[in-house]
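Residue numbering restarts at 1 for every chain, and letters A, B, ... go by the order of the sequence lines.
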Protein chains: 2
Amino acid sequence: MSITHLQSFVAVAEEKHVGRAARRLHLTQPPLSRHILALEDELGTRLFERTRQGMRLLPAGEVFLHHARRILAEVDTAVLTVRGLAPRESDG
Amino acid sequence: MSITHLQSFVAVAEEKHVGRAARRLHLTQPPLSRHILALEDELGTRLFERTRQGMRLLPAGEVFLHHARRILAEVDTAVLTVRGLAPRESDG
DNA sequence: TGTCTTTACGCTCATCGTAAGCATG
DNA sequence: CATGCTTACGATGAGCGTAAAGACA
């Protein structure tokens, strides 16, 4: 599992469509699809239902979405916080 | 930034020593050292002070340690939670 | 010289993108 | 056919480990 996988998952969950999510992430469909499959494999359960129009979250996916968003938000916070403490290069 | 980097950072912070942390992570020193350097580079600030005995956390590192532990804990929780919802293979 | 961390470097494995395959209406 | 996800496959890039190189007392 990687942060990239989580970002991919959230994008697909929001777009409900691998192709659109891929464009949003500046990626092509296949790697993004593989991210989702790898995640499902690692978690031991399906996160999406594959429909005619695209991808719809299953209950396990909904649960995981909350966690994923929270993790990504904390990663953001961590980076911004520490960057806020960083001495700028121009300060020496 | 990756989850692996966070795990490496926490291990080094706890062991205060790249060599020991590397053994704990079943890794050799160089890649682990590179993880820390990459993290410092990405965050734009030093996280450790290099001392004669090893590595000591700087203030920015202490702050980041809290965040890192929290993120890793949430990742764990996310995985366990969703795995708990997973239909087991033996259940069909 | 001894103890650590870091850099160099070759190799392996992971991951990307193009192209082809599969499923559905 | 049209649309959308997945698998195949060659090529690039990230990451490991061994070995060598700083840094410091």
Any idea which of [options] is nearest the [X] side chain?
X       : options               : result
B:Leu37 : D:dC5, D:dC16, C:dT6  : C:dT6
B:Thr28 : D:dC9, D:dG17, C:dT5  : D:dG17
B:Leu27 : D:dC16, D:dA19, D:dG4 : D:dC16
A:Arg34 : D:dC16, C:dT3, D:dC9  : D:dC9
A:Arg52 : C:dT6, C:dG25, C:dC16 : C:dG25

>> How many whole angstroms separate atom CZ of B:Arg56 from atom P of C:dT5?
In response: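 These atoms are roughly 13 Å apart.
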side-chain N/O B:Arg50 vs C:dC4 OP1/OP2, d < 4.0 Å: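 So the side-chain polar atoms of B:Arg50 never come under 4.0 Å of the phosphate oxygens OP1 or OP2 of C:dC4.
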Are OP1 or OP2 of D:dT3 and a side-chain N or O of A:His17 less than 4.0 angstrom apart?
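No, A:His17 has no side-chain N/O under 4.0 Å of OP1/OP2 on D:dT3.
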Interatomic distance, NE2@A:His35 vs NE2@A:His5, rounded to 0.5 Å, equals 4.5 Å
- prompt: Would you say A:Arg56 has more than 12 foreign heavy atoms packed within less than 6.0 Å of its CZ?
  reply: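 No - once you tally the heavy atoms of other residues, nucleotides and ligands closer than 6.0 Å, there are 12 at most.
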Within the 4.5 Å heavy-atom criterion, are B:Leu47 and B:Leu39 side-chain neighbours or not?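 They are in contact (side-chain heavy atoms under 4.5 Å apart), so the answer is yes.
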Please name the pair of heavy atoms, one in A:Gln53 and one in A:His17, separated by the smallest distance, quoted to 0.1 Å.
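The answer is O-CD2, 3.5 Å.
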